[in-house]
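To start, the structure under review is shown below, and the notes come after it.
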Protein chains: 2
Amino acid sequence: MVATETSGVRGRRRSFDVDEAVETAMRLFHARGYDAVGVAELGTELGIKPPSFYAAFGSKAGLFERALRRYAAGEANIFARAQAEGGSMAEVIERTLLLAARLYPERDGVAGCLVLDGARNSADPVACALAETMRKAGVAAIRDFIATEQPERADALADFIAITMKGMSAAARDGMGEDALTVVARMAGRAFRRELAAEG
Amino acid sequence: MVATETSGVRGRRRSFDVDEAVETAMRLFHARGYDAVGVAELGTELGIKPPSFYAAFGSKAGLFERALRRYAAGEANIFARAQAEGGSMAEVIERTLLLAARLYPERDGVAGCLVLDGARNSADPVACALAETMRKAGVAAIRDFIATEQPERADALADFIAITMKGMSAAARDGMGEDALTVVARMAGRAFRRELAAEG
DNA sequence: GATAAAATGTAGTGATCGCTATATAAATCC
DNA sequence: GGATTTATATAGCGATCACTACATTTTATC
């Protein structure tokens, strides 16, 4: 058996690719939620046995945390991606929602947002706390961004965007497709614009 | 031991109040989600043993179905309540969202909407199908209502309202309070009004 | 009160949960 | 190559999952 860990610089040598394992776990947690994916199934899908699993990740929640971080650091960070393209505040916000409409629909059994819905209804308080922390960080970034131009109404406007995204994630998990989500994203984008224009 | 079933006319006599049991189960499912509430806990909370449980409800999913129906037949049917008060279409829709903002925040450990989030991430396909059926019925009622005046845009507008409600339910389960939810509900109500005025 | 019917309590089914103790195999170091 | 360290596989931990067979008690009927 050969050590195949080529990506991570830190960490001990393992006979399996840790990053690849996190990727697989991310997909499983995303598809069915934290509680519905068991350690036995993770071991099978990852091709490792329980001791290796716990040596590498500490616990099921530990792997979930790594999956969450990987998720948030990739293409799922739609607000950062929208921000990177520049434009006005309203453009960035609407672009965020449109990216959600493209990212959230079901693909290969995966739908919605892992951070928003991955630990929904989970009985594990650790998993819930991990997801909550990342949710709060996400909405805080949006709030701070809005506050640069609208400090008074940043909370309310950020709440509106956060609720729209949570609703889009839930709707995608309930089967809504990209077209319908895009229509709603545009509506919410217009609403955001109009709220800005109303009293700005 | 005395037969205490006074409410239901049909059904066999039981030593416990079936309606009261459904109410208790509804609260438990609502608070933590379908999968996180076990039959053992239900039996304890309901004060009955497994055989009585299965004689009365058939299965855990059977009890969940009764809980869902009871939930949807009560004060949680916010769209029907909003419709009953009359007014314009926009008024009815905004009233629906404002009722959600009052109903969804956490009270006694219960938050959000049981239909929208009670079976979220559940591994039980029966429970998921039951909730999905009720979700579709709910959004269909809103769509049909909108279609009486806006047949062309009924689907899109109903999707927008459905997503807003799903987002509000998720946000409430994530800890958002009535005040913040109300602010967002008003924003969404204004957005709905403006969409109507835009091209009506 | 005897009999038939029905609901209940006791106990336990096999399966799965997250997780780990122990032992073996592999890789590293000198 | 021998010794030490590290990661692996085997097997199983106690707990909980939804659910049920069986015996008993309670209820209803006559």
Side-chain angles (χ1 to χ4, degrees), chain A residues 1-6 8 10-21 25 28-29 32-67 118-119 121-130, chain B residues 1-6 8 10-21 25 28-29 32-67 118-119 121-130:
Chain A
M1 205 167 281
V2 186
T4 57
E5 181 168 8
T6 57
R10 299 175 305 178
R12 302 178 178 82
R13 299 281 172 72
R14 303 197 181 279
S15 71
F16 64 97
D17 189 318
V18 174
D19 285 353
E20 190 179 323
L28 288 168
F29 286 137
R32 305 208 304 276
Y34 181 79
D35 285 14
V37 182
V39 172
E41 179 183 7
L42 286 168
T44 301
E45 291 290 323
L46 270 50
I48 60 176
K49 308 285 182 178
S52 302
F53 178 92
Y54 285 95
F57 307 113
S59 67
K60 181 187 173 187
L63 176 55
F64 183 59
E65 178 172 15
R66 296 194 57 166
N121 285 338
S122 169
D124 187 326
V126 176
C128 292
L130 288 168
Chain B
M1 205 169 281
V2 186
T4 56
E5 182 170 7
T6 55
R10 300 176 302 180
R12 302 179 178 82
R13 298 280 173 74
R14 303 198 181 279
S15 71
F16 63 97
D17 189 317
V18 174
D19 285 354
E20 190 179 323
L28 288 168
F29 285 137
R32 305 208 305 276
Y34 180 79
D35 285 14
V37 181
V39 172
E41 179 183 6
L42 285 167
T44 302
E45 290 292 322
L46 273 48
I48 61 177
K49 308 285 182 178
S52 302
F53 179 92
Y54 286 95
F57 306 113
S59 68
K60 182 186 171 187
L63 175 55
F64 183 59
E65 179 172 15
R66 296 194 58 166
N121 284 339
S122 170
D124 187 327
V126 176
C128 292
L130 288 168

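Each chain gets a letter, A, B and so on, in the order the sequences are listed, and its residues count up from 1.
Mapping A:Ile48 and B:Gly58 onto DNA chain D via the closest heavy atom, the residue that lands nearer the 5' end is A:Ile48.
The closest donor-acceptor contact from the side chain of B:Asp35 to the backbone of A:Ala36 lies at 3.5 Å or more, if one exists at all. Counting only distance, with no hydrogens or angles, the side chain of A:Tyr34 and the backbone of A:Ala61 share a donor-acceptor pair below 3.5 Å.
Remark: P of D:dC17 and CG of A:Asp35 are 12 Å apart, rounded to the nearest angstrom. Rounded to whole Å, the distance from CZ on B:Phe64 to P on D:dC17 is 17 Å. Distance CG (B:Leu42) to P (D:dA18): 8 Å, rounded to an integer number of Å. Summarising the geometry, the separation between CZ on B:Phe57 and P on D:dA18 is reported as 15 Å, rounded to the nearest angstrom. In this entry the distance linking CD of A:Glu41 with P of D:dC17 reads 19 Å, nearest Å. For the pair B:Phe53 CZ and D:dC17 P, the interatomic distance rounds to 12 Å; values are reported in whole Å. In this structure, CZ of A:Phe16 is placed 13 Å from C1' of D:dT6, rounded to the nearest angstrom. The distance between atom NZ of B:Lys60 and atom P of D:dA18, rounded to the nearest whole Å, is 4 Å.
Residue B:Ser52 places at least one side-chain N or O closer than 4.0 Å to OP1 or OP2 of C:dT8. OP1 or OP2 of C:dC19 sits under 4.0 Å from a side-chain N or O of A:Tyr54.
Taking the six-membered ring where tryptophan is involved, the planes of A:Phe16 and A:Phe57 are tilted, since the angle between them lies from 30° to 60°.
Geometric assessment of A:Lys60 against the ring of A:Phe53 yields a negative cation-pi assignment under the 6.0 Å and 45° thresholds.
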**Report entry** Stepwise side-chain contact (heavy atoms from CB on, under 4.5 Å) check, A:Leu42 with A:Leu63
**Finding:** CA-CA 10 Å; A:Leu42 286 168; A:Leu63 176 55; 4.0 Å; yes

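Distance from the side chain of B:Pro50 is smallest for D:dT20 among the nucleotides C:dC19, D:dT8, D:dT20. Between C:dT20, C:dT10, C:dC17, one nucleotide has an atom nearer to the side chain of A:Ala40 than all others, and that is C:dC17.
Within the 4.0 angstrom heavy-atom criterion, only backbone atoms of the sugar-phosphate kind lie near A:Val37; the bases stay farther away.
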